[in-house]
Amino acid sequence: MTNKPIFVAGPCVIESPELLNTVAEELVRLNEKYDIDIIFKASFDKANRTSIHSFRGPGLYKGLSMLLNIKQRFGLRILTDIHESNQAGPVGEVVDVIQIPAFLCRQTDLLVAAAKTGKVVNIKKAQFLSGRDMRYPVQKCLESGANEVWLTERGNSFGYNNLVVDFRNIPDMKEIVPNVIMDCTHSVQRPSAGEGKTVGDRKFVPSMALAAKAFGATGYFFEIHPNPDAGLSDAANMLELNKLDELIGKLL
C-alpha cells in the first residue's frame with residue numbers, strides 16, 4: 001500500500017444502520033480488490049445545514065455508537081466531523097480521523113481540542129481562504145499537540161450560490177503538510193441555490209478527482225450513497241455507490 005492515495009468515502013450523514021452497512025460492505029470489497037484502505041466517513045450531526053428544517057442526523061452519542069459498530073464489524077477506519085470543541089473528546093474515543101468543517105477552520109478552540117485527542121486532524125480549507133492561508137490552522141493544531149494534520153481542498157466561493165476550484169491550492173497546501181485531500185463531491189456544490197438547500201451537479205465529481213490527481217493530490221474524499229437522489233443531505237452532490245469502483249480504478 002506504499003504510496004497509494006488516501007481514500008475517504010461514505011454517506012454525507014448517518015441516515016440509518018442499513019445505509020451504513022450497505023456502504024461499508026462495498027468499501028470492504030473495494031479495499032480487498034485494490035489493496036487499499038478506504039476510510040469510512042459519515043456525519044453524526046450536520047450542524048451547518050441551510051434550513052432549520054433540514055435533516056441533521058442522529059446526534060453525537062447515538063451516531064458514535066453506530067460508527068463504532070461499523071468500525072468493529074467491518075474493520076474500517078472512521079472519519080467524522082465535529083462542530084463544537086466539547087465534541088472532540090468523545091469523538092476521539094471512536095474515530096481515527098477528526099475532520100474540521102471548512103466554515104470552522106479558523107476556530108481556534110475547535111482546532112486545539114481536535115489536536116489534543118492525538119487523532120489525525122483533517123482540516124477542510126474554507127471557501128473564503130487560499131491554500132497558503134491554511135498554514136495558520138495547521139500551526140494551531142501542531143502547536144497544540146497534533147501528530148498528523150491533513151488539508152482538504154473543497155473550492156472557493158464564486159459570487160453567490162457557486163463554487164470554483166483553483167487547483168493551484170493543492171501544491172500550495174502540500175508545501176504546508178504532506179497530505180492534501182481533494183473533496184470531489186462538496187466541490188461541485190452550488191451552496192444555498194435550491195430554495196433552502198444546497199444543490200450541485202455530481203456528473204463533475206470524476207473530473208474533479210482526475211484534475212486533482214494531475215495537481216498532485218495525495219487523497220480523495222467522496223460522499224457516496226446507493227441512491228443519492230433519495231439522500232437526506234447533500235443529495236445532488238453525492239456519487240452513486242456503484243460508480244466508486246471504476247473511479248478508484250482510474251485514480252490508481
Side-chain angles (χ1 to χ4, degrees), residues 1-15 17 19-45 57-58 60-83 87-101 111 113-124 141 145-154 177-186 209 212 217-226 238-239 241 244-245 247-249 251-252:
M1 295 179 58
T2 303
N3 297 327
K4 290 189 178 180
I6 297 165
F7 289 99
V8 179
C12 180
V13 66
I14 298 172
E15 298 179 14
L19 173 64
L20 299 189
N21 290 338
T22 297
V23 172
E25 288 171 358
E26 175 65 1
L27 297 189
V28 169
R29 186 187 73 82
L30 294 175
N31 279 341
E32 294 174 351
K33 177 178 179 178
Y34 291 110
D35 187 27
I36 54 178
D37 180 22
I38 305 173
I39 301 169
F40 184 97
K41 181 269 171 188
S43 297
F44 56 81
D45 181 16
L60 176 62
Y61 291 104
K62 185 176 180 180
L64 286 178
S65 176
M66 296 166 77
L67 291 174
L68 180 60
N69 181 64
I70 293 297
K71 184 173 189 175
Q72 294 175 336
R73 181 177 176 188
F74 295 98
L76 294 166
R77 291 194 290 161
I78 304 292
L79 175 150
T80 199
D81 44 345
I82 61 172
H83 292 81
Q87 296 172 339
V91 168
E93 295 292 323
V94 173
V95 309
D96 303 276
V97 183
I98 296 178
Q99 184 163 279
I100 306 299
L111 293 163
K116 287 182 176 179
T117 67
K119 303 296 183 177
V120 177
V121 181
N122 181 38
I123 312 173
K124 287 195 172 185
C141 286
N147 296 314
E148 186 172 355
V149 180
W150 303 345
L151 291 174
T152 293
E153 168 61 36
R154 53 98 71 240
V177 296
N179 284 312
V180 174
I181 315 297
M182 181 67 206
D183 184 340
C184 305
T185 43
H186 286 99
T218 63
Y220 307 92
F221 178 107
F222 302 104
E223 288 191 331
I224 52 175
H225 196 287
M238 286 191 286
L239 184 70
L241 180 61
L244 185 60
D245 188 340
L247 184 50
I248 287 177
L251 292 169
L252 292 173

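Numbers for residues simply follow the sequence, beginning at 1. Any value given below was found using the heavy atoms of this structure, including those in side chains, with hydrogens, waters and symmetry copies removed. None of these values were measured; they are calculated from a predicted model.
- When each of Val8, Ile248, Val28, Leu76 is checked for a side-chain contact (heavy atoms from CB on, under 4.5 Å) with Ile38, only Ile248 meets the rule.
- Here the CD1 atom belonging to Ile98 is positioned 8.0 Å from the NZ atom belonging to Lys119, to the nearest 0.5 angstrom.
- Side-chain contact between Leu27 and Phe74 is absent, with no heavy atoms from C-beta onward closer than 4.5 Å.
- Here Glu148 pairs with Trp150 under the side chain to side chain donor-acceptor pair (under 3.5 Å) rule; sequence neighbours left out.
- The shortest heavy-atom contact between Thr22 and Pro226 is CG2-CG, 4.4 Å.
- Of the possible donor and acceptor atoms, one in the side chain of Thr218 sits under 3.5 Å from a partner among the backbone N and O of Val180.
- Summarising the geometry of Phe40 relative to Pro11, their closest heavy-atom pair is CZ-CD, 4.1 Å, with the distance given to 0.1 Å.
- Interatomic distance, CG of Asp37 versus CD1 of Ile6, reported as 9.5 Å (0.5 Å rounding).
- Considering all non-hydrogen atoms of both residues, Phe44 and Gly63 come closest at CB-CA, 3.9 Å.
- The heavy-atom pair separating Ala9 from Leu244 by the smallest distance is CB-CD2, 4.1 Å.
- Atom SG of Cys141 sits about 11.5 Å away from atom CG of Asn147, to the nearest 0.5 Å.
- In this structure, Lys62 places its NZ atom where only 12 or fewer heavy-atom neighbours from other residues, nucleotides or ligands lie under 6.0 Å away.
- Here Met66 contributes atom CE and Ile78 contributes atom CD1; the two are 12.0 Å apart, rounded to the nearest 0.5 Å.
- For Asp96, the side chain to side chain donor-acceptor pair (under 3.5 Å) partners at least two apart in sequence or on another chain are Lys71.
- By the salt bridge (Lys or Arg N to Asp or Glu O under 4.0 Å) test, Arg29 pairs with Glu26, Asp245, sequence neighbours left out.
- Take His225 and apply the side chain to side chain donor-acceptor pair (under 3.5 Å) test, not counting sequence neighbours, and it matches Glu15.
- Atom CD1 of Ile181 sits about 12.0 Å away from atom CD1 of Ile123, to the nearest 0.5 Å.
- One distance of note links SG of Cys12 with CD1 of Ile224; it measures 12.0 Å at 0.5 Å rounding.
- Side-chain contact between Leu64 and Glu93: absent, with no pair of heavy atoms (C-beta onward) separated by less than 4.5 Å.
- Not counting sequence neighbours, the partners of Asp183 by the salt bridge (Lys or Arg N to Asp or Glu O under 4.0 Å) test are Lys124.
- A heavy-atom distance below 4.5 Å is not found between the side chains of Pro5 and Leu251.
- Remark: Glu223 pairs with Lys41, His186 by the side chain to side chain donor-acceptor pair (under 3.5 Å) rule, at least two apart or across chains.
- Put simply, the side chain of Phe222 reaches to within 4.5 Å of the side chain of Phe7, judged on heavy atoms.
- Partner of Asn122 under the side chain to side chain donor-acceptor pair (under 3.5 Å) criterion, out of Thr152, Asp81, Asn179: Thr152 alone.
- Closest of all the heavy-atom pairs between Ile82 and Ala114 is CD1-CB, 4.3 Å.
- Looking at heavy atoms from C-beta onward, Val91 lies in side-chain contact with Leu60 at the 4.5 angstrom threshold.
- With a 4.5 Å cut-off on side-chain heavy atoms, Thr80 and Val97 do not count as touching.
- Annotation for Gly57 and Val13: closest pair CA-CG2, 3.7 Å, computed over non-hydrogen atoms.
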